[in-house]
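Before any comments, here is the structure.
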Amino acid sequence: MICVNNKLSRDFYLRPTLKVAHDLLGKFLTYKSGSKLLTGRLVEVEAYIGKGDPACHAAVGKTKRNEVMFGLGGYSYIYFIYGMYYCLNVVTEDEGFPAAVLIRGVEPVKGVEYMRQRYSNPDKNKLTDGPGKLCKAFNLTGKDNGLDLTGDKLYLEDCGYKVSRIERSQRIGIKKGVEKLWRFYDPDSIYVSKRGIKRK
DNA sequence: TGTTGGATCAACT
DNA sequence: GTTGATCCAACAC
């Protein structure tokens, strides 16, 4: 799949978060790690919207950790969790409205051998089927928080790929706001996260 | 200054 | 189905 400089514009991210989440499926995520180019196609995402969403980090108000979510859409929000993992989010909507889309799963497209190097088990097959795993594979950490997604370090592109089916469900791994059907995924991909499959 | 729990994953039983 | 790994932001004191 050839894809040259077709980055999603700022306007893409400034739309309502549920629309952005839905439209992100099938888009290509690229990260430049040194001289390496790492790319994956999005297959699973979740929306976290505003102070009224109890599962959203912004529900407690603006803090040092979540402040990028309060800013303009089209930036990365990366946070550390469970002492071991990072999670990548895409900030959405206008400045002052805190919302983001969590990237939960991608299909590796480019740089797979480099992603594999980051795991101790060299035979590991599924490297990007889960939010913590894909950050590890892409070498995304706290240093990449707040990056401009219309820039050159970390960005999303439309490569003309069309997802044939999109399904919707409850979000995974949260205790509050469980009733909202704000998770979107491609049911035909094997890179949908394991917990995501189990919890149906 | 101290405590607590989390948008996870892998390795167990 | 359960548990351990392992950090830091948030909040209570």
Side-chain angles (χ1 to χ4, degrees), chain A residues 13 17-18 20-22 24-25 29 40 42-71 73 75-93 97-108 115-147 149 154 156 167-186 189-200:
Chain A
Y13 301 104
T17 305
L18 288 176
V20 176
H22 177 276
L24 275 174
L25 289 180
L29 172 75
L42 274 62
V43 300
E44 182 181 359
V45 299
E46 285 177 1
Y48 289 87
I49 312 175
K51 296 180 183 171
D53 172 10
C56 182
H57 287 172
V60 294
K62 189 170 174 177
T63 64
K64 190 178 176 188
R65 179 213 214 184
N66 67 24
E67 64 182 349
V68 46
M69 263 205 290
F70 285 76
Y75 287 83
S76 62
Y77 170 43
I78 298 182
Y79 64 89
F80 188 67
I81 196 155
Y82 296 128
M84 311 194 65
Y85 299 102
Y86 288 93
C87 290
L88 167 65
N89 297 248
V90 167
V91 177
T92 59
E93 314 219 23
F97 188 92
V101 176
L102 169 70
I103 315 296
R104 287 192 58 89
V106 305
E107 288 198 13
M115 297 179 194
R116 194 179 307 281
Q117 285 172 17
R118 306 195 51 74
Y119 284 86
S120 50
N121 175 5
D123 297 326
K124 195 170 189 62
N125 201 20
K126 307 268 283 302
L127 307 166
T128 53
D129 57 330
K133 291 171 76 176
L134 78 88
C135 280
K136 181 174 180 176
F138 274 71
N139 195 22
L140 288 166
T141 65
K143 74 188 184 310
D144 303 299
N145 187 39
L147 291 180
L149 300 177
L154 179 66
L156 285 138
E167 291 190 3
R168 202 180 162 149
S169 78
Q170 297 176 38
R171 293 173 291 180
I172 311 300
I174 54 171
K175 301 232 168 97
K176 290 176 273 187
V178 223
E179 74 288 349
K180 295 181 167 57
L181 301 178
W182 286 357
R183 169 171 171 263
F184 299 87
Y185 62 100
D186 171 1
S189 173
I190 59 167
Y191 282 91
V192 170
S193 67
K194 288 208 170 61
R195 288 183 74 189
I197 293 166
K198 214 191 304 182
R199 294 266 205 108
K200 105 162 180 295

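Chain A is the first sequence line, chain B the second, and so forth, proteins listed ahead of strands; every chain is numbered from 1.
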Distance in angstrom units between [X] [atom1] and [N] [atom2], rounded:
{"X": "A/K64", "N": "C/dC11", "atom1": "NZ", "atom2": "P", "result": "15 Å"}
{"X": "A/M69", "N": "C/dA9", "atom1": "CE", "atom2": "P", "result": "15 Å"}
{"X": "A/K62", "N": "C/dA10", "atom1": "NZ", "atom2": "C1'", "result": "17 Å"}
{"X": "A/L127", "N": "B/dC9", "atom1": "CG", "atom2": "P", "result": "13 Å"}
{"X": "A/R118", "N": "B/dC9", "atom1": "CZ", "atom2": "C1'", "result": "16 Å"}
{"X": "A/K133", "N": "B/dA11", "atom1": "NZ", "atom2": "P", "result": "10 Å"}
{"X": "A/Y86", "N": "B/dG6", "atom1": "OH", "atom2": "P", "result": "19 Å"}
{"X": "A/N145", "N": "C/dC8", "atom1": "CG", "atom2": "P", "result": "14 Å"}

Can I get a per-line list of side-chain donor-acceptor pairs under 3.5 Å for residues 44-53 of chain A, giving both atom names and the distance, sequence neighbours left out?
residue: A/E44; atom: OE1; partner: A/S193; partner atom: N; Å: 2.6
residue: A/E44; atom: OE1; partner: A/S193; partner atom: OG; Å: 3.1
residue: A/E44; atom: OE2; partner: A/R104; partner atom: NE; Å: 3.0
residue: A/E44; atom: OE2; partner: A/R183; partner atom: NE; Å: 2.8
residue: A/E44; atom: OE2; partner: A/R183; partner atom: NH2; Å: 3.1
residue: A/E44; atom: OE2; partner: A/S193; partner atom: OG; Å: 3.1
residue: A/E46; atom: OE1; partner: A/Y48; partner atom: OH; Å: 2.6
residue: A/E46; atom: OE2; partner: A/I172; partner atom: N; Å: 2.8
residue: A/D53; atom: OD1; partner: A/A55; partner atom: N; Å: 3.1
residue: A/D53; atom: OD1; partner: A/R171; partner atom: NH2; Å: 3.1
residue: A/D53; atom: OD2; partner: A/I49; partner atom: N; Å: 3.2
residue: A/D53; atom: OD2; partner: A/R171; partner atom: NH1; Å: 2.8

Winner on side-chain proximity to A/R65, out of B/dA10, C/dA9, B/dA7, is C/dA9
Considering only side-chain heavy atoms of A/L102, which listed nucleotide, B/dA7, B/dG6, B/dA10, is closest?
B/dA7
Between the side chain of [X] and the main-chain N/O of [Y], is any donor-acceptor distance below 3.5 Å?
{"X": "A/S76", "Y": "A/D144", "result": "yes"}
{"X": "A/N89", "Y": "A/A100", "result": "no"}
{"X": "A/K62", "Y": "A/P98", "result": "no"}

Within residues 77-85 of chain A, the residues having a heavy atom closer than 4.0 Å to DNA chain B are A/Y79, A/I81, A/Y82, A/Y85
List DNA chain B stems (3 or more consecutive Watson-Crick/G-U pairs, under 3.5 Å)?
B:1-6 with C:7-12, B:8-12 with C:1-5
Is there a side-chain contact between [X] and [Y], using heavy atoms and a 4.5 Å cut-off?
{"X": "A/Y85", "Y": "A/P131", "answer": "no"}
{"X": "A/I78", "Y": "A/Y86", "answer": "yes"}
{"X": "A/L156", "Y": "A/Y13", "answer": "yes"}

Between [M] and [N], how far apart are the [atom1] atoms? Round to whole Å, please.
{"N": "C/dC13", "M": "B/dG5", "atom1": "P", "result": "14 Å"}
{"N": "C/dT6", "M": "B/dC12", "atom1": "P", "result": "15 Å"}
{"N": "C/dC11", "M": "B/dA7", "atom1": "P", "result": "13 Å"}

cation_pi(A/K136, A/Y119) dist<6.0 Å, angle<=45:
yes
Verify the contact: side-chain N or O of A/R195 to OP1 or OP2 of B/dA7, cut-off strictly under 4.0 Å; return yes or no.
no
Got more than 12 heavy atoms from elsewhere within 6.0 Å of NZ, A/K176?
no
Pick the closest DNA chain B nucleotide for A/K175 and for A/K126 by heavy atoms, then say which residue is nearer the 5' end.
A/K175
Hey, would you say the A/Y79 and A/Y77 ring centroids sit under 6.0 Å apart?
yes
